[in-house]
Amino acid sequence: MLDRKRVNTLRILIDSHRTLTASPKLNLIVGELNRITASSRSPGGNGWLLAVLHTTRSLDTTLSEIVRFKGWPVTKPSLGSYLSVLLSNGVLKYPERQRYYTGIVKKRNIFMHEAGAMPTQIEADRILSEMHACVVLVLSRL
């Protein structure tokens, strides 16, 4: 089962950070976080796939809003682009960017774009853990 405490911690961190408190998308981000926990009620792979979807959508929108708040230009709206912008502006170091790209973006792409690809509970939890680490690190450096 997905870690409710982790999701609650993320909700508090995102909801109270100065770069996000005035975001017009804050309620949408919090809604996605709430859906992560709710997805655990769906049986088996479907629930884990939903958890990956909601985890990565909340991260995508969170990073998008941070980049927008900072006024940093983005070539195209995507998780990979946001990680690159955070790298180029000194928020992330190269190994961190690679870790999050490999552990979140590439994994998400497999499950979202490959027919029949379904995460296990461990994979869904691992993606949530990486997302949590990414959000904590990024917010702590802003």
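The figures that follow rest on heavy atoms only: side chains count, while hydrogens, waters and symmetry mates do not. We're numbering straight along the sequence, starting at 1.
Counting heavy atoms from C-beta outward, Thr55 and Leu33 have side chains that stay 4.5 Å or more apart. With a 4.5 Å cut-off on side-chain heavy atoms, Phe69 and Leu142 do not count as touching.
With sequence neighbours excluded, the residues satisfying side chain to side chain contact (heavy atoms under 4.5 Å, CB included) with Val136 are Leu13, His132. Residues satisfying the salt bridge (Lys or Arg N to Asp or Glu O under 4.0 Å) criterion with Glu123, sequence neighbours excluded, are absent altogether.
Taking NZ of Lys93 as the start and CD of Gln98 as the end, the distance is 15.0 Å to the nearest 0.5 Å. Rounding to the nearest 0.5 Å gives a distance of 6.5 Å between CD of Glu130 and OH of Tyr100. Note that the OG atom of Ser58 and the CZ atom of Arg11 stand 10.5 Å from one another [nearest 0.5 Å]. The line from CD1 of Ile127 to NZ of Lys107 is 7.0 Å long, rounded to the nearest 0.5 Å. Rounded to the nearest 0.5 angstrom, Ile36 CD1 and Leu53 CG are separated by 9.5 Å. The CG atom of Leu59 lies 9.0 Å from the CZ atom of Arg108; values are rounded to the nearest 0.5 Å.
A cation-pi arrangement is absent between Arg99 and Tyr101 under the rule of less than 6.0 angstrom and at most 45 degrees off the ring axis.
Across all non-hydrogen atoms, the minimal contact from Ala124 to Ala51 is CB-CB, 4.4 Å. Between Leu26 and Leu20 the shortest heavy-atom distance is CD2-O, 3.7 Å. Among all heavy-atom pairs drawn from Phe111 and Met118, the shortest one is CE2-C, 3.6 Å. Residues Asp15 and Thr21 share a closest heavy-atom pair of O-CG2, 3.5 Å. Of all non-hydrogen atoms in Arg97 and Gly80, the two that sit nearest each other are NH2-O, 3.6 Å. Scanning both residues, Met112 and Val52, for their nearest heavy atoms gives CE-CG1, 4.0 Å.
Salt bridge status for Arg68 with Glu65: present, with a side-chain N to carboxylate O gap under 4.0 Å.
Side-chain heavy-atom separations under 4.5 angstrom define the hydrophobic clusters, and the remaining members of the one that includes Tyr94 are Leu87.
One N or O on the side chain of Ser140 and one on the backbone of Leu137 form a donor-acceptor pair closer than 3.5 Å. The backbone N or O of Val85 lies less than 3.5 Å from a partner atom in the side chain of Asn89, making a donor-acceptor pair. Under the 3.5 Å distance criterion, the side-chain polar atoms of Glu32 are left unmatched by any main-chain donor or acceptor of Ile29.
Using modelled atom types, one finds a donor on one side chain and an acceptor on the other under 3.5 Å when comparing Ser78 with Ser81.
No option in Ile66, Leu63, Val105 other than Leu63 meets the side chain to side chain contact (heavy atoms under 4.5 Å, CB included) test with Tyr82.
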